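Within every chain, numbering begins at 1; the chains are lettered A, B, ... in the order of the sequence lines, protein sequences first and strands thereafter. This one's a predicted model, so the numbers in the text were calculated from it and none came from an experiment.
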Amino acid sequence: MVIRRHRYYLFLALMFGILTSLTIWTTTHFTRQQGLTQLAGETEDDLMLFVRELEAYLVGYDRLASSIASSRQVTTLLRFSSDKQVVGAANSYLHKLNEEVHASAIYVMDVDGNTLAASNWQAEKSFVGKNYGFRYYFQRAVKGIVGRDVAIGKTSSVLGYYIAHSVLDPETNRIIGVAVIKVSLDELGLLYADLDLQLLVADRDGVIFLASEPSWRYKSLRSLTSKAREKIRKFKRYAGTGITPWSVRDVRYRDGISKLVVLDDGEEYLAQATLLLSRGWEMHVFKPTKEVDEHVYFAVIASFLVNALLFLAVLYLNQRHRYVQGLRNAAIHDFLTGLYTRRYMEDAANAQISRINRGQVSMVSVAMIDIDHFKWVNDEFGHRAGDQVLRLVGKAIASEIRKGDIPVRYGGEEFLVIIHSHNECDASHVTRRVLERLKKLSFRGPIRKLKITASAGLAHYRKGESLDDLLQRADDLLYKAKEDGRDRYYDDECNKPERP
Amino acid sequence: MIRLYATLLMMLIPFCSTADEELVIYGSREQALMAPLLHSYHAETGVTVRYVREKSDRLLQRLAAEGDKSPADLLLTADIGILETAREMGLLQARRSQLLSTLIPARYRDPQGVWYGLSLRARMIVFAADRIGKYELLDYADLASPALKGRVCIRSLKHVYNQSLIAALVARWGEDSVRQWLNGLLENLAGAPQGGDRDQVRAVANGACDVAVVNSYYYAMMLNASDKPDQEAAGRVALIWPESGVHVNISGGGVTRHASDPQLAIDFLEFLAGFDSQRLFAELNHEYPAVEGVPVSHTLIGLGAFEADFRPLALIARQRKKALQLINDAAVEP
């Protein structure tokens, strides 16, 4: 019994383990996927926002560079560069202009790359007189193409974004110089300040020049080709800074545009990237997935708790069912013999009588059986021996009757069998068989030599009578059998003693 | 597999509609690539979408032949050359949209609203890294360099992709410079132009020539191809983004002249310029989204950033006739 119960609890624990594991796996998987999809949407929004902000910040300078290149002061300067008054006017113009637009510097170069005038002409590190002909932006602008480049200033040592436009002679339409605006990129840091994400912007060679993580700057997203290295060196783009590869600890591609990366800080991020085709840049945004993991964590705990509650509920209902079942069994079964109790018998017999009255069943008989001289057994051998006799008699009665018949311990040493039969002979045959069986019973212990007999009264139901009447008749017949010498039964149909 | 699902979804669309509105699209883009977009538009608006797919030149002929009886509301096709031809033939009508004007950069749409670019493809140069020396190749101009004699591959110059490229170069360098450049380019050809863009990549990979001009999405698709030889061929060649500004063309659309519901056609174009549609363009066909800030595919990011030609496509398109004349004048190809 104990082993069976242990197995039962083991089974329940196993089921709980399997179901909980499955639920937790499903919850983890789906909550994470849903969280990542939502995070991907937020990353897309951030990416677009940053690109738009960046463009909005720089587009004004784009236009300004173009208008400076076509301004009268600048064209006059390039045509009459030896005139000190013209140079002074140009310096003053560029200085005033820069006070309004707050660029890093605005300057004008001749076709050889010499700076003729600059907004910072009064400053200690003035650009005036310096030659920047080696710069990429200059080499493009001097060919008539808008020159754009990111580089560390040779004079100022400050990283900036350069926008250069060629200046045309209004009479000949020839390129006579280049007008340049250098924009500080430091202010762009405001874009991502205090946000829980990482961001980087890289140039056309993949070299990072703007990043939320300062250590990423001047690292390369891809391995640089020798041509790219040569160009960086030739244009003195990053002032001799060694460009090292930017690496991540782990990359997993999620779909065509998103990937999960583990960065140097050990955190996992969802990353997306886009290109800024008007500038030749690429921008990457990294959103931490820890918030998704927190959701997953809470979902797993919730799912575990729900599972545990469900398990406890199932356990409670099961225990309650078993308890009620036990009570019910105790109420209808005799503790000693395992046969039905008198109370159950009354319900079952009344139901059978009702069925007879409705014509569903033809007849029912009651055999009331009493062990002969049982008091003597108790007195002689004690109550334990008596209990053994009662237990074995109950077992023998239950084994001799047919399926559907109801064996009952009626009280003391009195037993009763409700026999569902087609005719009187049927019931008589069952009673005879039971009494014969009881005579052959063997016992153990002090009563091993004991042989018992029993008497019985067999009454058949007569239409219209009550259960009490039927039992009374059976009892009368039993009494008669006892009176007539025991070890016999009387059947009320023939009304004569039957000896088994 | 995605294409198969897309085609199945496409087949379901006409049977799912409950709305009265119907939008008829004439398009040259593959049905499988359009299906997810058409399906989500239908799901979002309930409008039934009928997509008729044919080659661009046939679609223009069909629109012209159908005249005011044409059921088409919208023409979706690739290349500025085709869209401008449609405009010149009077097959499209000008329709302004505040949303499209805000989302799509000015250089990728018609100033009057006759057509709008929806996705971008860049004309790039691929080369055999082991056979091309330092600084020999930086720009389109270098394709005419004597150093590349007999080493260049390009599909027919009369193909619309090359016509548009040459029109862009005319806008950039002027007619005379392009004439010289074309002569130099023809001198440099490894053989008579043949095949499509993919064939040029294959030719460089197998050593038939050392340099070729191709569209970015063909190259990106080859890198992702399930066909191993194509994937390997693309992997064997290197690429360069021309430094004087990369010629970027569009795939786009315009409302047809006799559209029964022009506003519905504009509505669909606005849907295509939306975030999700732009992302699908980027994901499915390795094209660059026309709307700035939309994420691009991993493959395209791997190809690196470049500076696109700043000139508006509408202005470049004005040089098409000159470009065609220059090609005809210079052509020795059959």
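For A:F50, no part lies near chain B; criterion is any non-hydrogen pair under 4.5 Å. With a threshold of 4.5 angstrom between heavy atoms, A:L277 approaches chain B through its backbone and through its side chain. Neither the backbone nor the side chain of A:D205 comes within contact range of chain B, judged by heavy atoms closer than 4.5 Å. Interface remark: A:K259 contributes backbone and side-chain atoms alike to the contact with chain B (heavy atom separation under 4.5 Å). For A:V146, the parts lying under 4.5 angstrom from a heavy atom of chain B are both the backbone and the side chain. In this structure, chain A has a heavy atom under 4.5 Å from the side chain of B:F310, while its backbone stays farther away. A:E282 touches chain B through backbone and side chain together, each having a heavy atom under 4.5 Å away. Heavy atoms of A:L221 lying under 4.5 Å from chain B are absent altogether. Contact annotation for A:R140: only side-chain heavy atoms (C-beta onward) come within less than 4.5 Å of a heavy atom of chain B.
What you find for A:K227 and B:L137 is that their closest heavy atoms are NZ-O, 4.1 Å. For B:P295 against A:E44, the heavy-atom pair with the smallest separation is CG-CG, 3.7 Å. Pairing each heavy atom of A:L275 with each of B:G304, the nearest pair is CD1-O, 4.1 Å. Between B:A305 and A:G280 the shortest heavy-atom distance is CB-O, 3.4 Å.
Within residues 233-241 of chain B, no residue has a heavy atom under 4.5 Å from a heavy atom of chain A. By a heavy-atom distance cut of under 4.5 Å, B:T102, B:L103, B:R107 are the residues of residues 102-111 of chain B near chain A, going up by number.
Comparing A:K143, A:R222, A:R148, A:E55 by how many heavy-atom pairs each has under 4.5 Å with chain B, the most go to A:R222. Taking B:P289, B:A129, B:G302, B:G245 one by one and counting their heavy-atom pairs under 4.5 Å with chain A, the maximum is reached by B:G302. Chain B forms more heavy-atom pairs under 4.5 Å with one residue of A:T274, A:D203, A:T225, A:V51 than with any other, namely A:T274.
With contacts defined as side-chain heavy-atom distances shorter than 4.5 Å, the pair B:V291/A:M48 qualifies.
Shown here is A:E291, whose CD atom has no more than 12 heavy atoms of other residues, nucleotides or ligands within 6.0 Å. Counted within 6.0 Å of CD on A:Q38, heavy atoms from surrounding residues, nucleotides or ligands total 12 or fewer; the atom is thus considered open. In the displayed structure, B:Q180 atom CD is contacted under 6.0 Å by at most 12 heavy atoms of other residues, nucleotides or ligands. Other residues, nucleotides and ligands contribute more than 12 heavy atoms inside 6.0 Å of the CZ atom of A:F134. For A:Q34, the CD atom is loosely surrounded, since the number of other residues' heavy atoms within 6.0 Å does not exceed 12.
Here NE2 of B:H298 is found 6.0 Å from CG of A:D255. Values are rounded to the nearest 0.5 Å.
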